[in-house]
Amino acid sequence: MTMINIIITIMILSFPFSIAITKTNPLPFKKIYAFGDSFTDTGNTRSVRGQGGFLHGSNPPYGMTFFHHPTNRYSDGRLVIDFVAQSLSLPYLPPYKYVKGNSPNGVNFAVAGSTAIDHEFFVKNNLTLDITPQSIQTQLLWFNKYLEANVGCKAQDVKCRVADIENSLFWVGEIGANDYAYTFGSTLSSDTIRKLAMSSYTQFLTTLLKKGAKYVVVQGFPMTGCLSLAMTLSAENDRDNIGCVKSENNQSYTHNLAILNLVTSLRRQFPQAVIAYADYWTAYQTVMQSPAKFGINESFKACCGAGDEPYNVDVFSFCGTPSTKACQNPSQYVNWDGVHLTEAMYKVVSDMFLKGSHMKPRFSYLLDRKLHQG
């Protein structure tokens with residue numbers, strides 16, 4: 001190991017969340033490509049067809065904490081993906097639908113309301129509200145179109161080295177929770193939805209890895225049963241030991257086991273890649289078990305809503321509509337609008353992923369591997 005490599009290793013181990021960029025320590029990743037739903041979307045929702053039910057995200061008080069104006073992010077400020085980019089000294093990722101030409105530091109393909117299962121499945125079963133016709137496969141299609149238009153890679157290319165895919169971080173945010181939400185109250189079982197979602201998800205991840213993706217982070221579901229909307233819509237006797245909706249959390253936990261099994265299988269199939277699992281569920285649980293430790297004093301109530309007690313959620317008046325308003329101290333809340341989280345919560349979770357032990361292998365290992373092996 002050279003002296004330069006030793007210095008780089010010490011820097012990574014000491015400061016895994018903020019990389020010091022010098023001539024001897026270049027950017028570990030040139031680009032980030034992100035995928036997912038509203039927990040990761042940085043603005044695609046505003047531009048694509050079918051999101052009439054989501055346009056309130058373009059209104060104040062969204063963005064009030066950090067950007068001080070709406071940015072089409074479903075929070076009062078930054079998301080996990082923003083903190084990821086920031087930690088790597090890269091600019092915040094532009095949404096695909098706003099990118100003109102080649103984006104030198106990557107692209108965000110995530111869309112609020114998108115699903116793992118193809119949209120046509122919901123149409124066929126008369127389960128769609130036509131809120132978001134995009135799925136994870138749509139995002140893969142966008143990725144292929146982006147590569148073809150900007151670096152000359154054809155979709156059928158097994159590996160596109162000119163696209164610098166091997167030097168890019170692929171961040172796959174939460175995707176699939178909407179599949180369960182869209183089928184709530186239908187005759188379709190959770191097992192059916194999980195199997196169909198995982199089939200599509202497997203195809204998506206396998207395609208990325210076959211294209212040459214070498215560094216991939218896969219997020220699991222958070223504790224969806226702790227979201228204010230879930231608490232509002234559930235029976236009061238459906239609670240777990242921390243007060244969240246038990247059936248909902250069990251569903252998310254079971255789905256995460258399927259994701260983890262998939263990640264384990266993909267590691268065997270693609271030993272040259274580092275595929276990290278970001279355990280959103282346990283990170284969320286850690287906060288819910290000791291909220292005061294993280295400066296939180298409102299675990300269940302939404303910061304922005306119509307004022308209905310006890311969760312400040314009205315299913316007909318979501319944050320961003322005229323009848324709602326935001327709290328003065330969102331940093332003390334877990335829930336922002338009843339469905340999404342505050343910047344403070346996203347920051348806590350991202351710290352657990354990037355600096356802590358809630359990503360396996362650890363993010364510091366991923367960076368070390370990239371800097372030493374390329």
Side-chain angles (χ1 to χ4, degrees), residues 2-36 39-43 63 65-68 71 73 75 77-96 98-110 143 146 150-151 163-173 213-219 273-276 278 283 343-359 361-374:
T2 67
M3 182 59 67
I4 290 176
N5 285 338
I6 292 171
I7 292 172
I8 290 172
T9 301
I10 292 172
M11 293 171 70
I12 291 171
L13 294 177
S14 301
F15 306 101
F17 184 56
S18 181
I19 304 298
I21 305 303
T22 67
K23 289 183 179 180
T24 58
N25 184 22
L27 283 168
F29 293 103
K30 296 179 179 180
K31 298 180 179 181
I32 305 173
Y33 292 113
F35 307 84
F39 276 48
T40 309
D41 184 4
T42 56
T65 295
F66 181 78
F67 300 101
H68 308 298
T71 62
R73 287 168 172 80
S75 180
R78 291 164 290 183
L79 313 177
V80 168
I81 191 62
D82 295 312
F83 291 113
V84 172
Q86 187 175 304
S87 77
L88 296 172
S89 297
L90 294 174
Y92 299 132
L93 292 184
Y96 168 70
Y98 284 84
V99 169
K100 304 297 182 185
N102 187 35
S103 178
N105 300 113
V107 182
N108 191 338
F109 299 93
F143 178 61
Y146 173 80
N150 292 288
V151 295
D164 214 18
I165 287 175
E166 289 188 353
N167 288 317
S168 301
L169 174 65
F170 286 79
W171 190 279
V172 185
K214 236 178 128 177
Y215 299 94
V216 183
V217 175
V218 178
Q219 280 188 198
V274 178
I275 309 171
E343 176 183 280
M345 183 61 171
Y346 285 128
K347 176 64 166 62
V348 168
V349 170
S350 65
D351 280 353
M352 290 180 181
F353 291 162
L354 303 176
K355 294 194 291 187
S357 60
H358 288 78
M359 185 184 294
R362 287 180 179 243
F363 196 64
S364 56
Y365 169 81
L366 185 148
L367 295 179
D368 185 54
R369 173 84 172 261
K370 176 64 178 70
L371 287 169
H372 284 84
Q373 299 186 19

For [X] against [Y], the heavy-atom pair lying closest together:
| X | Y | value |
| --- | --- | --- |
| Asn150 | Gly101 | OD1-C, 2.7 Å |
| Glu343 | Gly77 | OE1-CA, 3.4 Å |
| Ala213 | Val216 | CB-CG2, 4.0 Å |
| Tyr98 | Gly43 | CE1-O, 3.4 Å |
| Pro91 | Ala85 | O-CB, 3.6 Å |
| Asp41 | Ala110 | OD1-O, 3.1 Å |

Hey, are the side chains of [X] and [Y] touching, using non-hydrogen atoms and a 4.5 Å cut-off?
| X | Y | value |
| --- | --- | --- |
| Tyr346 | Val349 | no |
| Pro28 | Leu88 | yes |
| Val217 | Val84 | no |

Please confirm whether the backbone N or O of [Y] pairs with a side-chain atom of [X], one donor and one acceptor, at under 3.5 Å?
| X | Y | value |
| --- | --- | --- |
| Asp82 | Leu79 | yes |
| Thr71 | Gly63 | no |
| Asp351 | Gly356 | no |

Can you tell me how far [atom2] of [Y] sits from [atom1] of [X], rounded to the nearest 0.5 angstrom?
| X | Y | atom1 | atom2 | answer |
| --- | --- | --- | --- | --- |
| Tyr365 | Asp368 | OH | CG | 8.0 Å |
| His358 | Ser350 | NE2 | OG | 12.5 Å |
| Arg78 | Lys347 | CZ | NZ | 8.0 Å |
| Met345 | Ser75 | CE | OG | 11.5 Å |
| Ser168 | Lys214 | OG | NZ | 12.0 Å |
| Gln373 | Tyr215 | CD | OH | 6.0 Å |

_Walk me through whether Val80 and Trp171 qualify under side chain to side chain contact (heavy atoms under 4.5 Å, CB included)._
CA-CA 10 Å; Val80 168; Trp171 190 279; 3.9 Å; yes
_By side chain to side chain contact (heavy atoms under 4.5 Å, CB included) - contacts of Ser103 (at least two apart)_ = Pro94, Val99, Val107, Tyr146
*With under 30° as parallel and over 60° as perpendicular, where do the rings of Phe35 and Phe109 fit, or are they tilted in between?*
parallel
*Parallel under 30°, tilted from 30 to 60°, perpendicular over 60°: which one fits the rings of Phe170 and Phe143?*
perpendicular
*I would like to know whether Tyr33 and Leu93 meet side chain to side chain contact (heavy atoms under 4.5 Å, CB included); could you show each step before the answer?*
CA-CA 8 Å; Tyr33 292 113; Leu93 292 184; over 6 Å; no
_Derivation and outcome, side chain to side chain contact (heavy atoms under 4.5 Å, CB included), residues Thr42 and Tyr92_ = CA-CA 9 Å; Thr42 56; Tyr92 299 132; over 6 Å; no
*Residues Asp164, Lys30: salt bridge by 4.0 Å N-O rule*: yes
*Test side chain to side chain contact (heavy atoms under 4.5 Å, CB included) on Phe39 and Gln219 and set out the steps.*
CA-CA 11 Å; Phe39 276 48; Gln219 280 188 198; 5.6 Å; no
_Donor-acceptor side-chain pairing of Lys370 and Asn167 below 3.5 angstrom_ = yes
